[in-house]
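Only heavy atoms go into these numbers, but all of them, side chains included; no hydrogens, no water, no symmetry mates. Being a predicted model, the structure only gives us computed values, none of them experimental. Letters A, B, ... are given to chains in the order of the sequence lines, protein chains preceding strands, and every chain is numbered from 1.
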Number of protein chains: 2
Amino acid sequence: MKPAIPANTVERLSLYRRLLEAWLEKGTTSLYSHQIASMACVTPAQVRRDLMAIGYTGSPSKGYSVDALEESIGLFLGSDRVRKIALVGMGNLGRALTTYFTSRVPRFRMAAAFDTDPRKTGRVIAGCMVYGIEEIPRIIPAEGIRTAVLALPADSAQEMADRLVNAGIKGILNYAPVPLRLPADVFLENRDVTASLEKVAFFSGQPREGS
Amino acid sequence: MKPAIPANTVERLSLYRRLLEAWLEKGTTSLYSHQIASMACVTPAQVRRDLMAIGYTGSPSKGYSVDALEESIGLFLGSDRVRKIALVGMGNLGRALTTYFTSRVPRFRMAAAFDTDPRKTGRVIAGCMVYGIEEIPRIIPAEGIRTAVLALPADSAQEMADRLVNAGIKGILNYAPVPLRLPADVFLENRDVTASLEKVAFFSGQPREGS
DNA sequence: GTAACGCTGTTACTGTTTTCACAACACTCA
DNA sequence: TGAGTGTTGTGAAAACAGTAACAGCGTTAC
Ligand SMILES: NC(=O)c1ccc[n+]([C@@H]2O[C@H](COP(=O)([O-])OP(=O)(O)OC[C@H]3O[C@@H](n4cnc5c(N)ncnc54)[C@H](O)[C@@H]3O)[C@@H](O)[C@H]2O)c1
Ligand SMILES: NC(=O)c1ccc[n+]([C@@H]2O[C@H](COP(=O)([O-])OP(=O)(O)OC[C@H]3O[C@@H](n4cnc5c(N)ncnc54)[C@H](O)[C@@H]3O)[C@@H](O)[C@H]2O)c1
C-alpha cells in the first residue's frame with residue numbers, strides 16, 4: 001500500500017468536512033485556513049497542505065468557499081454516496097457501533113452483520129440484519145461491500161479476516177486486540193483500545209494504584 | 001509534550017507485552033527478535049529498536065528472556081500496578097468499554113464514572129460506580145486518578161475535558177468526535193471512529209452505494 | 001583450536017509527514 | 001495611484017518513523 005494521499009490527510013479531511021457542515025448550516029460562506037485550523041486544532045499550513053492534496057484551491061482574499069470545499073472533500077472521500085459496511089461480531093462493541101452509525105452517521109450504513117451466536121443470527125439487531133458467518137461469501141459480494149469492521153473475540157479475528165478477504169473485502173477496521181496478517185492490497189487499521197489506553201496512561205505520569 | 005519515548009513505541013510495547021504473556025503461559029523461556037516481530041507483524045529491527053528504547057538487553061545467543069522482558073516492559077509501562085481510570089459518559093460506548101476492561105483487562109480499573117443522566121447516577125453500572133458530574137472535583141483527586149476516557153456527546157466534550165483537567169487529570173482518551181483544546185501538559189489521544197472508518201473506506205477502493 | 005554461523009545493539013540511512021518561509025496576488029485606504 | 005495588509009500555494013527544511021547494515025560476540029561444528 002503506497003497511498004498517493006497520506007492516510008493522516010484523509011482522516012483530517014473527514015474532520016474538516018464535519019466542521020464545515022456546521023458552518024454551512026450557520027450560513028457562513030467562506031473561511032480562512034487559520035479558522036479551519038483553529039477549529040480542527042492543527043496548524044494553518046497543515047490545512048492548506050491537506051487541501052492542496054485534493055487539488056482544492058481557495059482565493060487569497062476570500063479564503064475557502066465553505067460549500068464548495070465541503071462538496072469537494074465529500075467528492076474526494078466518496079462520502080457523497082452512502083457507503084455500505086459489514087460488521088463481524090454483534091457483541092457489546094458491535095451493537096454500540098451499529099447504533100452509533102445508524103443514528104448519527106447516515107453516510108455509513110451497516111449493511112450486514114455476521115455472528116456465530118445462534119441467538120443473534122437471523123434477527124435484526126440495532127437496525128442491522130445479523131447473518132451466520134457461513135453467509136459471508138454470499139452476502140458480501142451480493143451487496144458489493146468492500147469495507148468491514150471486526151468486533152469479535154481475538155482468537156477468531158484472523159480466521160474471520162481471511163474469510164472476509166476471500167469474499168472481496170478490501171479494507172478492515174479491526175477492534176480485536178490482535179495483529180492481523182493480510183494481503184498487501186487490503187487496507188488494515190487496528191484500533192487496539194488497550195494499547196491506546198496504555199499509551200494515554202503512560203503519558204499521564206505515574207498513575208499507579210495505591211500511590 | 002515532547003516524549004522521550006515515541007508514542008508509537010509505547011503502543012507496540014503494550015502489544016509485545018501481551019504477546020509475551022501468552023508465551024509465558026506456554027512455558028517458553030526465550031524468544032528471538034524475529035519471532036516477536038513475526039507475532040506482532042513488524043520487522044525484527046523494529047522490535048530490537050523498541051526494546052533498546054526501554055534499555056532492555058537480550059543475549060545474542062539466547063535472544064530475549066520471556067519472563068524478564070515481560071517484567072521489564074511491565075515495569076516501564078507502569079502496568080505492574082493496577083491503574084485507575086475515570087470514565088465520563090456511561091452510554092452505549094462507555095458501558096461496553098467498562099465491561100471490556102473489567103472482564104478482560106484487570107490491569108486497568110474503571111474506578112469512577114460520571115454522567116448527567118439521573119437514571120444512571122448513584123448506581124453501579126457494569127461494575128463501576130456512576131457519579132454526577134458535580135462530583136468530579138471531589139472524586140478524581142480523592143482517588144488519585146490521572147487518566148480519563150471521554151465517551152459522551154460531542155457538544156459537552158470540551159466542557160467536561162476542562163473540568164477533568166481542573167480536577168487533575170493528565171491524560172485523556174477521547175471518543176467524542178470533536179477536537180479538544182487542552183493545556184500542553186495534558187496528553188490527548190483522539191479516537192474518532194467516523195474518521196477511522198472514513199479512512200478505511202477510502203482506501204478500500206470505490207465502495208459507493210448503488211454501484 | 002578455529003572457522004563459520006546467527007543473533008543482538010547500534011548507527012547510518014531512507015522515506016514520509018509536518019512545519020517554515022516567502023513569492024504572488026487581491027483588496028483597502030489614503 | 002501606490003504603499004500596506006493579509007491570505008494562498010508551494011518549495012525547502014526540519015522532524016519523525018522505520019529500515020537496513022554491520023560490528024561484536026557467544027555458540028557450534030568440525
Ligand atoms: N467492548 C469494548 O468496548 C471493546 C473495546 C475494545 C476492544 N474490544 C474487542 O472487541 C471484541 C468484541 O468485544 P465485545 O465487548 O463486543 O465482546 P462480546 O463478547 O460482547 O461480543 C463478541 C461477539 O462476537 C461474536 N463472535 C464470537 N466468535 C465469532 C466468530 N468466530 N465470528 C463472528 N462472531 C463471533 C459473539 O457471538 C459476540 O456476539 C473483542 O475482541 C474485544 O477485545 C471490545
Ligand atoms: N457508540 C459508539 O460506538 C460510538 C463510537 C464512536 C464514537 N462515539 C461517541 O461517543 C460518545 C458517546 O457515544 P454513545 O453511543 O455511548 O452515546 P450514548 O448516548 O449512548 O451515551 C452518552 C452518555 O453520555 C451521558 N452524558 C450526556 N451529557 C453528559 C455530560 N455533560 N457529562 C457527562 N455525561 C453526559 C449521557 O447521559 C449518556 O449516558 C458520542 O460522542 C459518540 O459520538 C460512540
Neighbours of DNA chain D within residues 36-47 of chain B, by heavy-atom distance under 4.0 Å: B:T43, B:A45, B:Q46
Qualifying residues under side chain to side chain contact (heavy atoms under 4.5 Å, CB included), relative to B:P183, sequence neighbours excluded: B:V165, B:D185, B:V186
Contact residues, residues 8-16 of chain A to DNA chain C [heavy atom, < 4.0 Å]: A:N8, A:R12
Pairing residues for A:R138 by the side chain to side chain contact (heavy atoms under 4.5 Å, CB included) criterion, not counting sequence neighbours: A:E135
Salt bridge (charged side-chain N to carboxylate O under 4.0 Å, His left out) contacts touching residues 147-167 of chain A (sequence neighbours left out): A:E159-A:R163
Nucleic acid contacts - residues 49-64 of chain A versus DNA chain C, non-hydrogen atoms under 4.0 Å: A:R49, A:S61
Whole-Å gap separating P (D:dG9) and OH (A:Y32): 13 Å
ring-ring contact (aromatic ring centres under 6.0 Å, His included) pairs, two or more places apart, involving residues 33-75 of chain B: B:Y32-B:H34
Within residues 34-50 of chain B or reaching into it, pairs that qualify as salt bridge (charged side-chain N to carboxylate O under 4.0 Å, His left out) - sequence neighbours excluded: B:R12-B:D50
Candidates D:dC22, D:dT7, D:dT8 - which lies nearest the side chain of B:R48: D:dC22
For atom CG of A:L69 and atom P of D:dT7, their distance in whole Å: 17 Å
Neighbour count above 12 (heavy atom, 6.0 Å) for A:E71 CD: no
Backbone N/O of B:V82 and side chain of B:R107: donor-acceptor pair under 3.5 Å: no
Distance-only donor-acceptor hits, side chain of residues 87-99 of chain B, under 3.5 Å, sequence neighbours excluded:
residue: B:N92; atom: OD1; partner: B:R95; partner atom: NH2; Å: 3.4
residue: B:T98; atom: OG1; partner: B:G94; partner atom: O; Å: 2.7
residue: B:T99; atom: OG1; partner: B:R95; partner atom: O; Å: 2.8

Qualifying residues under side chain to side chain contact (heavy atoms under 4.5 Å, CB included), relative to A:A148, sequence neighbours excluded: A:A86, A:L164, A:I169
Side chain of A:P6 (C-beta onward), nearest among C:dT17, D:dT7, C:dC22: C:dT17
Residues which pass salt bridge (Lys or Arg N to Asp or Glu O under 4.0 Å) with A:D117, listed by chain and number, not counting sequence neighbours: A:R119
Sequence neighbours excluded - salt bridge (charged side-chain N to carboxylate O under 4.0 Å, His left out) pairs with any residue from residues 13-41 of chain B: A:D192-B:R18, B:R17-B:E21, B:R17-B:E70
Gap between atoms NE2 and P, on B:H34 and D:dA20 respectively (whole Å): 16 Å
